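Residue numbers run from 1 in the order of the sequence given. Small disclaimer: the values here were computed from a predicted structure and weren't measured.
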Amino acid sequence: MAEETKKRVVVVGAGVIGASIAFELQRRGLEVTLIDKGEPGRGTSFGNMASIALDFAAGSGPSTWKKIPGWLLDPEGPVWLRPSYAARMLPWFLRFLAAGRPSRLREIEDAGMSLSLRALGDLREMLQAIGASELMTQEGCLAIYETEAEFAADRGHLAMMQRYGLEFEVLSNGAIQYYEPALSSAIAKAVLLPDNKSIRDPYGLVVKLADAAIAAGAAFVSCAVRNIERKGDGTLVVLLDDGRRIEAGSVVLAAGVHTRFLAAKLGEPIPLETERGYHTQIMKPGISMRYSVIWPHRAFMVTPTAGGIRVGGNVELAGLDAAPDFRRPRVLVRHAQRVLPGLKVEEATEWMGHRPALPDTIPIISPSSKLPGVFYATGHGHLGLTYAATTARLIGDMVSGAKPSVDMTPFRIDRY
């Protein structure tokens with residue numbers, strides 16, 4: 001393999017994960033080509049909830065199986081499975097439940113928190129490096145509980161945060177409105193998460209990352225990737241849908257849920273599903289907010305971002321091809337108006353995107369088990385923005401041959 005080809009890295013996917021990796025690799029002196037079938041940041045990263053959520057939460061626990069019937073039967077619940085997709089979801093669901101066994105749960109929490117505990121520092125450093133520190137808010141997040149019973153049901157999560165040393169403060173009554181006057185006085189409890197910052201413009205962040213990588217010498221190609229091959233001398237060849245062939249020493253697959261199609265072609269299928277998420281972006285909300293707000297019982301957030309207020313979250317399991325069901329975000333807006341009584345919905349747009357979800361909640365950040373020189377960075381679920389800078393550093397270490405500062409065993413692709 002020629003020396004110049006050896007230094008070339010192709011990054012497939014220009015969402016927040018791929019753009020962060022492209023920037024990190026380019027500033028390490030590698031020659032990066034960033035590829036996406038669309039423009040940077042126009043996929044799932046465009047509509048995320050702008051949250052830096054350090055309080056990692058495993059998706060499944062020992063009693064999760066008891067909740068599933070209620071989730072599936074409640075059209076306004078936090079999880080909605082379309083009946084037409086149920087059979088295809090069964091293998092994924094069985095793995096999801098298995099990940100909630102007590103012994104496995106602690107391993108998953110340890111792995112997730114090994115990323116969370118360095119995520120804020122890594123993200124701050126990356127923002128500073130691209131001259132965009134102002135994109136991160138100074139304020140944190142408020143987790144709200146409408147009743148004492150809701151708060152009691154979340155004590156296990158608070159205990160987990162305490163175990164890993166995350167800061168939080170329990171608030172009651174008037175103290176809640178002191179931090180966020182727009183919140184209803186009927187809320188029984190809130191938990192202030194001071195380090196759960198948010199991003200003022202998540203789409204703008206991805207654009208800035210891609211632009212910074214390109215300014216440093218990276219190339220951007222707008223085309224779908226068909227496959228990856230390996231020549232006899234070890235050179236990797238990325239085959240594009242338009243017939244072009246790009247040779248490289250390394251390839252990073254960071255195309256979100258679409259990564260599963262390329263992985264299958266490489267002989268290492270992964271149980272990567274789409275958790276469809278919705279948001280409503282309200283440009284004339286009638287209120288102002290300093291803090292982002294999460295309601296754990298209803299599994300959604302309200303975040304001041306992108307010049308307005310964004311209401312989103314929840315999970316719909318319906319695959320990649322089903323049409324959006326915009327009843328979902330309207331339910332979330334009604335819930336939001338319950339706890340933010342002054343919230344108006346004027347100049348609003350609705351959006352749906354595909355979170356790449358693995359059944360054990362933690363991402364794949366790993367070299368390929370089949371094809372040397374190929375690396376994966378996918379399956380970040382709800383934490384793509386949170387883990388973007390940390391994932392970029394870890395992939396940078398792997399590609400350059402350095403030892404990552406995190407034990408990467410839990411994130412390997414062949415753990416299934």
Donor-acceptor pair, Lys265 side chain versus Arg226 backbone, under 3.5 Å?
yes

Please lay out, stage by stage, how Glu125 and Arg27 fare under the test salt bridge (charged side-chain N to carboxylate O under 4.0 Å, His left out).
CA-CA 13 Å; Glu125 192 279 332; Arg27 71 171 172 166; 2.8 Å; yes

Where does the angle between the aromatic ring planes of Phe93 and Phe96 fall among parallel (under 30°), tilted (30 to 60°) and perpendicular (over 60°)?
perpendicular

Mind listing the closest non-hydrogen atom pair of Leu105 and Ser60 along with its distance?
CD1-O, 3.4 Å

May I have the step-by-step check of side chain to side chain contact (heavy atoms under 4.5 Å, CB included) for Glu229 and Arg245, ending in yes or no?
CA-CA 10 Å; Glu229 296 177 349; Arg245 299 163 60 89; 4.2 Å; yes

Can you tell me how far apart CG (Asp201) and CD (Glu134) are? Round to the nearest 0.5 Å.
10.0 Å

Looking at side-chain heavy atoms only, is the closest gap between Asp110 and Tyr164 below 4.5 Å?
yes

Quick check with a 6.0 Å cut-off and a 45 degree axis cone: is Lys189 positioned over the face of Phe151's six-membered ring?
yes

Report the distance from atom OG1 of Thr303 to atom CZ of Arg200, rounding to the nearest 0.5 Å.
13.0 Å

Is a donor on one side and an acceptor on the other found under 3.5 Å between the side chain of Arg82 and the backbone of Gly319?
no

Closest heavy-atom pair and its distance - Met398, Pro404
CG-CG, 4.3 Å

Name of the residue among Leu358, Thr409, Ile270 meeting side-chain contact (heavy atoms from CB on, under 4.5 Å) with Arg415
Leu358

When rounded to the nearest 0.5 Å, the distance separating CG of Leu385 from OG of Ser198 is 9.0 Å

Within 45° of the six-membered ring axis of Tyr179 and under 6.0 Å from that ring's centre, is NZ or CZ of Arg290 located there?
no

Would Lys231 and Asp233 pass as an ion pair if we require N to O under 4.0 Å?
no

Tell me whether Glu148 at atom CD has more than 12 heavy atoms from other residues, nucleotides or ligands lying less than 6.0 Å away.
yes

Sub-4.5 Å side-chain heavy-atom contact between Arg8 and Leu30
no

Positive for salt bridge (Lys or Arg N to Asp or Glu O under 4.0 Å) with Asp360, one of Arg104, Arg95, Arg412
Arg104

How long is the straight-line distance from CZ of Arg106 back to OG of Ser103, given to the nearest 0.5 Å?
11.0 Å

Identify the two heavy atoms, one from Val206 and one from Ser45, that lie closest to each other, and give their separation to 0.1 Å.
CG2-CB, 4.0 Å

The test is salt bridge (charged side-chain N to carboxylate O under 4.0 Å, His left out); show your working for Arg88 and Glu273 and say whether it passes.
CA-CA 10 Å; Arg88 290 189 61 181; Glu273 263 296 343; 5.4 Å; no

Is it true that Tyr387 and Ser116 share a donor-acceptor pair across their side chains at a distance under 3.5 Å?
yes

Does Glu146 form a salt bridge (charged side-chain N to carboxylate O under 4.0 Å, His left out) with Arg338? I'd like the steps, not just the answer.
CA-CA 10 Å; Glu146 193 174 35; Arg338 182 168 169 174; 2.8 Å; yes

Hey, does Thr280 have a side-chain heavy atom less than 4.5 Å from the side chain of Arg310?
no

Heavy atoms of Val399 and Ser250 approach each other most closely as CG1-OG, 3.9 Å

Kindly determine whether Asn314 and Tyr278 satisfy side-chain hydrogen bond (donor to acceptor under 3.5 Å, both in side chains), including the steps that lead there.
CA-CA 7 Å; Asn314 251 321; Tyr278 292 86; over 6 Å; no

Just so I know, are the side chains of Ile144 and Ile294 near enough to count as touching, which here means a heavy-atom distance under 4.5 Å?
no

How long is the straight-line distance from CG of Asp241 back to SG of Cys223, given to the nearest 0.5 Å?
5.5 Å

For Trp295 and His335, take the angle between the two ring planes, folded into 0 to 90°, and tell me which bin it lands in: parallel under 30, tilted 30 to 60, perpendicular over 60.
perpendicular

Looking only at heavy atoms, which two atoms of Val221 and Arg244 are closest? And how far apart?
CG1-NH2, 3.6 Å

State, with a plain yes or no, whether a side-chain heavy atom of Glu169 is found less than 4.5 Å away from one of Val191.
no

Glu109 side chain to Phe56 backbone, donor-acceptor under 3.5 Å:
no

Would you call Phe411 and Val406 a side-chain contact if the rule is heavy atoms closer than 4.5 Å?
yes

Is there a side-chain contact between Phe168 and Leu158 in this structure, where contact means two heavy atoms from C-beta onward sitting under 4.5 Å apart?
yes

Here the gap from Arg276 atom CZ to Thr274 atom OG1, rounded to the nearest 0.5 Å, amounts to 6.5 Å

Show your working on salt bridge (charged side-chain N to carboxylate O under 4.0 Å, His left out) between Arg328 and Glu316 and close with a plain yes or no.
CA-CA 8 Å; Arg328 303 295 298 172; Glu316 182 190 35; 5.6 Å; no

Determine the minimum heavy-atom distance between Gly112 and Ile362, stating which atoms define it.
N-CG2, 3.9 Å

Counting only N and O atoms by type, is there a donor-acceptor contact under 3.5 Å from the side chain of His279 to the main-chain atoms of Val311?
no

